[in-house]
> 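One structure is given below, represented as structure tokens, and several questions about it will come after.
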Amino acid sequence: MPEIVNLRDRPEYLEKLAHWHQQEWSHLNPGESLAQRILRMQNYLSDHLIPSMFIALDGEKLLGSAAIVQHDMDSHTELSPWLASVFVDPECRRQGIGTALVKHALQQADKEDVEQLFLFTPDQAHFYHQLGWIEYSREEYHGEQVTLMTRVFRQTSSRE
């Protein structure tokens with residue numbers, strides 16, 4: 001299994017991740033250049049959970065990423081926080097790396113007492129469903145059909 005670490009501990013991988021993410025998702029972030037993405041991703045180097053990015057490594061080889069962010073859809077700023085940027089190098093897919101990254105991000109969120117996470121995906125709803133996520137809605141986002149999903153850790157309890 002790969003080693004999963006916080007990007008803030010291995011910032012040398014930020015630019016490669018930015019290239020991967022730009023290639024994969026630039027159509028969902030219209031108008032954002034690679035340079036702007038790199039600048040935005042500098043926020044992941046903080047000591048906070050939100051935002052944070054976790055990366056999977058095999059030795060020095062970068063395998064993938066998963067992030068926790070405040071907002072991931074400009075059409076749903078009322079929902080927060082989000083699992084985002086789940087990406088595995090195409091050469092390394094179907095080896096459990098994405099699952100390990102998602103589970104690691106969920107563990108970090110749970111440790112910080114996050115009550116609920118959201119995500120959206122154009123084409124991986126089945127993958128997330130297998131990991132305990134439930135469908136929240138389906139809608140069009142920047143010209144693409146996406147599934148919004150949620151994962152509840154705990155219900156907000158009322159104080160007596």
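In this text, all values refer to a predicted model and were calculated from it rather than measured experimentally.
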> Which pair of non-hydrogen atoms, one from Ile4 and one from Ala100, has the smallest distance, and what is that distance?
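Closest pair (atom of Ile4, atom of Ala100, distance): CD1-O, 3.4 Å.
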> Search all heavy atoms of Met53 against all heavy atoms of Ser85 and return the closest pair with its distance.
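For Met53 versus Ser85, the nearest heavy atoms are CE-CB, 3.8 Å.
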> Scan side-chain atoms only and decide if His76 and Glu78 contain a donor-acceptor pair under the 3.5 Å cut-off.
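Indeed, the side chains of His76 and Glu78 share at least one donor-acceptor pair under 3.5 Å.
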> With a 6.0 Å cut-off on ring centres, are His21 and Trp25 close enough?
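Ring centres of Trp25 and His21 closer than 6.0 Å.
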> Quick one: does Glu91's side chain get under 4.5 Å of Lys61's, heavy atoms only?
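In short, these two side chains touch, coming nearer than 4.5 Å.
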> Any chance you could measure Ile50, atom CD1, to His71, atom NE2, to the nearest 0.5 Å?
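Between Ile50 CD1 and His71 NE2, I get 9.5 Å after rounding to 0.5 Å.
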> Is the number of heavy atoms from other residues, nucleotides or ligands under 6.0 Å of Tyr136 OH greater than 12?
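Open.
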> Of all heavy-atom pairs between Ile97 and Cys92, which one has the smallest distance, and what is that distance?
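Shortest heavy-atom contact: CD1-O, 3.4 Å.
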> Is there a chain of hydrophobic side chains (I, L, V, M, F, W, Y, each step under 4.5 Å between heavy atoms) that links Leu101 to Leu131?
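Same cluster.
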> Check whether any side-chain heavy atom of Asp47 lies under 4.5 Å from a side-chain heavy atom of Arg8, and answer yes or no.
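They are in side-chain contact.
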> Kindly indicate, with the supporting measurements, whether the criterion side chain to side chain contact (heavy atoms under 4.5 Å, CB included) is fulfilled by Arg10 and Glu60.
CA-CA 10 Å; Arg10 300 299 302 267; Glu60 294 300 310; 2.6 Å; yes
> Going by atom types only, do Glu135 and Thr147 share a side-chain donor-acceptor pair under 3.5 Å?
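No, because no side-chain N or O of Glu135 sits under 3.5 Å from a partner of the opposite role on Thr147.
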> I'd like to know if the side chain of His104 and the backbone of Phe54 have a donor-acceptor N/O pair within less than 3.5 Å.
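Answer holds: no.
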> Below 4.5 Å, heavy atoms only, C-beta onward: do Glu3 and Val5 meet side chain to side chain?
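Yes - at least one pair of side-chain heavy atoms lies under 4.5 Å apart.
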> Could you give the distance from CZ (Phe120) to CE (Met73), rounded to the nearest 0.5 Å?
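Rounded to the nearest 0.5 Å, the CZ-CE separation comes to 5.5 Å.
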> Do Leu45 and Leu14 have side chains that approach each other closer than 4.5 Å (heavy atoms only, starting at C-beta)?
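Yes - at least one pair of side-chain heavy atoms lies under 4.5 Å apart.
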> Looking only at atom types and distance, does a side-chain atom of Arg93 sit under 3.5 Å from a main-chain N or O of Gly98, one as donor and one as acceptor?
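It does not hold such a pair.
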> Quick one: closest heavy-atom pair of Leu83 and Leu117, and the distance?
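So the two residues come closest at N-CD2, 4.2 Å.
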> Using atom types as modelled and distance alone, determine if a side-chain donor or acceptor of Tyr44 lies under 3.5 Å from a backbone N or O of Val69.
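A pair under 3.5 Å: no.
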> Is there a side-chain contact between Leu7 and Ser65, using heavy atoms and a 4.5 Å cut-off?
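Leu7 vs Ser65: side chains apart.
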> Kindly work out whether a path of hydrophobic side-chain contacts (I/L/V/M/F/W/Y, heavy atoms less than 4.5 Å apart) joins Tyr13 to Leu39.
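The answer is no; the residues belong to distinct hydrophobic clusters.
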> Please work out whether the ring planes of Phe87 and Trp20 are parallel, tilted or perpendicular, with thresholds of 30° and 60°.
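It falls in the tilted class, 30° to 60°.
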> Can you establish whether the number of heavy atoms outside Gln145 located under 6.0 Å from its atom CD is more than 12?
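Yes.
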> From His19 NE2 over to Glu24 CD, what is the distance, rounded to the nearest 0.5 angstrom?
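Those atoms lie 15.0 Å apart.
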> Indicate the atoms forming the closest heavy-atom contact of Val114 with Pro81, along with that distance.
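Closest heavy-atom pair between Val114 and Pro81: CG1-CG, 3.9 Å.
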> As an exercise, state the distance from CG of Leu17 to CZ of Arg37, rounded to the nearest 0.5 Å.
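It is 10.5 Å, given to the nearest 0.5 Å.
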> Can any side-chain N or O of Tyr128 pair as donor or acceptor with the backbone N or O of Arg151 at less than 3.5 Å?
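Not at all, since once roles are kept as given, no pair shorter than 3.5 Å links the two residues.
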> Less than 4.5 Å apart, side chain to side chain, heavy atoms only: is that true for Leu62 and Asp89?
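A side-chain contact is absent here, since even the closest heavy-atom pair is not under 4.5 Å.
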> Within the side chain of Gln36, is there an N or O that forms a donor-acceptor pair under 3.5 Å with the backbone of Ser33?
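Present.
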> Measuring only between side-chain heavy atoms, which start at C-beta, is Val146 closer than 4.5 Å to Pro122?
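Counting from C-beta outward, Val146 and Pro122 do come under 4.5 Å.
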> Do His142 and Asp74 make a side-chain contact, defined as non-hydrogen atoms from C-beta onward lying under 4.5 Å apart?
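Touching, per the 4.5 Å side-chain cut-off.
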> Once you round to the nearest 0.5 Å, how far does CG of Asn6 lie from CG of Leu49?
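Here the rounded value is 9.0 Å.
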> Using atom types as modelled and distance alone, determine if a side-chain donor or acceptor of Ser137 lies under 3.5 Å from a backbone N or O of Leu148.
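Here the side-chain-to-backbone pair does not exist.
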> Is the number of heavy atoms from other residues, nucleotides or ligands under 6.0 Å of His129 NE2 greater than 12?
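Incorrect, the count does not exceed 12.
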> How long is the span from the NE2 atom in His48 to the CD1 atom in Ile68, to the nearest 0.5 Å?
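Between His48 NE2 and Ile68 CD1, I get 14.0 Å after rounding to 0.5 Å.
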> Identify the heavy atoms of Ile38 and Ala18 that sit nearest to each other, and give their distance.
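Result for this residue pair: CG1-CB, 3.4 Å.
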> So Phe118 and Trp82, would you call those rings parallel, tilted or perpendicular, with 30° and 60° as cut-offs?
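The arrangement is tilted - the two ring planes meet at 30° to 60°.
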